[in-house]
Student: 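The structure follows.
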Protein chains: 2
Amino acid sequence: MQQSIQLSVDAVVFGYESGVISVLLIKRKYDPFKGKWAIPGGFVLNNESLEEAVARELREETGIEINYLEQLYTFGEPKRDPRSRVVSVAYFGLIKPSAFKIFASTDAEEVQWFNIETLPELSFDHSEILRIAIARLQAKITYEPIGFELLDVKFPFSDLEKLYTTLLGRPIDRRNFRKKILSLNVLDELDEKFSKGSGRPANLFKFNNKRYFKLKEEGIIFDI
Amino acid sequence: MQQSIQLSVDAVVFGYESGVISVLLIKRKYDPFKGKWAIPGGFVLNNESLEEAVARELREETGIEINYLEQLYTFGEPKRDPRSRVVSVAYFGLIKPSAFKIFASTDAEEVQWFNIETLPELSFDHSEILRIAIARLQAKITYEPIGFELLDVKFPFSDLEKLYTTLLGRPIDRRNFRKKILSLNVLDELDEKFSKGSGRPANLFKFNNKRYFKLKEEGIIFDI
DNA sequence: TATTTTAGCGTAAAATACACGCATAGTATG
DNA sequence: CATACTATGCGTGTATTTTACGCTAAAATA
């Protein structure tokens, strides 16, 4: 018997801006689930790798170019797509929403960032995919430094702190957090001050790419 | 253009016995790579889930029944199969080799346990798959208790210790290891002694299933 | 009975995590 | 221009965990 399974890829892209974690969704232009929100994605072409496929679909549907997407999980329940058997390899990425202008095209009627606290109803099993992606994101910050992809190039320390409190969903001791992060030696302190309104102006920091990515590869486990 | 991609599953099954970690491989009966060793696996049927497919292939080719296989990674490079485009979802499992009698059938001409230190040349990109699986196994023991699946029901503490030294590839302090593991409260000490040759006989332990699986779900991180 | 072998307990030192006080450098206000 | 206010950033003591390692116990073997 001939196998008749189709293969797709999906991209869960998270963004962070001033205390809010959001995810990029598209409104589907065609059936099934026409007019409903979904994770960007689509079918893999015969001669492209999975990574090429997911980067292409993301670019086509949302306008976002992302250079690093990590494989999340492969979803293959026989009935997950009402049309036919579709197995989907989900990917996972982080960006600064401000760094890209999003625009809908091809299969997407609309593109929008959604706060992960207030998600709309989703197509297919995309709620499940998103649930797993959010769990991965939260697990990730306990074994990898995160921030480079989500923060501006230059940022005050409090931005990083806020990112972590948001991701962890609980307050952290500012003083101990600072000590721990600085001891990792992945931040370079700049000679620039930054002030937003009242309060003592903060020094700006930037990630030291080399040490940052070295640390990520080593997979440092650090409890916050 | 019609998509023409085939979907397969592969199962990397690790076993442990007296200081040796091994992996289950089959010798391929048909081309491509006829007569070469490979990870067990095969094509997904139209109406079965990925988990059902991998369990079935493993049973058919090797005789092993395994109830828990964890998804490892999906491999989708266009040229990984010389015949046509085949994307494969790889799974990962642990068993006690002694608990099953292996026998080759269907696509397998032979089945055999191989010490992971002395692997033969493998078919397709299976060396790459195995490399990733071994890395996962080694990472896993630092954040999850492992042993239940790999040891006998009743075992002396030194068996667990030996398993860990083997997996970690380095010696560990026996006294501290014992304290750490016992403090997890997943072992029940039995009133049975066990002696293999000279030396003081050891008490036997067994895993307390309930607490063991509870701990696994919580995903305890413990440095050895 | 002495020796060898493996099991298993305890304790001190070092490292790390945790809690929290307070000076500092700006802005806002009367 | 003094005073309050706000957020940054440094330091220090204490609890907890990790690490190192000494030593006794129980059995097989010589």
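Convention: sequence-line order gives letters A, B, ...; per-chain numbering from 1.
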Student: Going 5' to 3' on DNA chain C, which nucleotide is the first and which the last to come under 4.0 Å of a heavy atom in chain B?
Tutor: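 Boundary nucleotides touching chain B, in 5' to 3' order, are C/dT5 to C/dT11.
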Student: Who are the side chain to side chain donor-acceptor pair (under 3.5 Å) partners of A/Glu117, not counting sequence neighbours?
Tutor: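 Here no residue qualifies.
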Student: Indicate yes or no: at least one non-hydrogen side-chain atom of A/Val89 is less than 4.5 angstrom from one of A/Gln71.
Tutor: yes
Student: Determine whether the aromatic ring centres of residues A/Phe213 and A/Phe148 are separated by less than 6.0 angstrom.
Tutor: yes
Student: Measuring only between side-chain heavy atoms, which start at C-beta, is B/Lys140 closer than 4.5 Å to B/Glu70?
Tutor: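 Yes, their side chains come closer than 4.5 Å.
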Student: Can you list, in residue-number order, the parts of residues 177-184 of chain A that come under 4.0 Å of DNA chain D, counting heavy atoms only?
Tutor: A/Arg178, A/Lys179
Student: Does B/Glu128 form a salt bridge (charged side-chain N to carboxylate O under 4.0 Å, His left out) with B/Arg131? I'd like the steps, not just the answer.
Tutor: CA-CA 5 Å; B/Glu128 163 79 352; B/Arg131 201 180 52 70; 2.9 Å; yes
Student: On DNA chain D, check which nucleotide each of A/Lys193 and A/Gly199 is closest to and give me the residue with the more 5' one.
Tutor: A/Gly199
Student: Of the residues in residues 161-176 of chain B, which ones touch DNA chain D at a heavy-atom distance under 4.0 Å?
Tutor: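 When residues 161-176 of chain B is checked for heavy atoms under 4.0 Å from DNA chain D, the hits, listed by number, are B/Asp173, B/Arg175, B/Asn176.
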Student: Could you list the residues that satisfy salt bridge (Lys or Arg N to Asp or Glu O under 4.0 Å) with A/Arg59, not counting sequence neighbours?
Tutor: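 A/Glu65.
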Student: Does A/Asn185 offer a backbone N or O that forms a donor-acceptor pair with the side chain of A/Arg211 under 3.5 Å?
Tutor: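 Judged by distance alone, yes, a pair lies under 3.5 Å.
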Student: Determine whether B/Asp10 and B/Ser88 satisfy the following criterion, side-chain hydrogen bond (donor to acceptor under 3.5 Å, both in side chains), listing intermediate values before the conclusion.
Tutor: CA-CA 7 Å; B/Asp10 288 306; B/Ser88 184; 2.5 Å; yes
Student: So which nucleotide does C/dC20 pair with, by the Watson-Crick or G-U wobble rule with both distances under 3.5 Å?
Tutor: D/dG11
Student: Send over the distance from B/Phe194 CZ to D/dA28 P, rounded to a whole Å.
Tutor: 13 Å
Student: Once side chain to side chain donor-acceptor pair (under 3.5 Å) is applied, do any residues pair with B/Lys193, and if so which ones, sequence neighbours excluded?
Tutor: none
Student: Before you tell me yes or no, could you show the steps for B/Tyr91 and B/Glu51 under side-chain hydrogen bond (donor to acceptor under 3.5 Å, both in side chains), namely the whole-Å CA-CA distance, both residues' side-chain angles and the distance that decides it to 0.1 Å?
Tutor: CA-CA 9 Å; B/Tyr91 282 76; B/Glu51 287 74 20; 3.0 Å; yes
Student: Tell me whether the side-chain N/O atoms of A/Ser195 come closer than 4.0 Å to OP1 or OP2 in D/dA7.
Tutor: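 A/Ser195 to D/dA7 OP1/OP2: no side-chain N or O under 4.0 Å.
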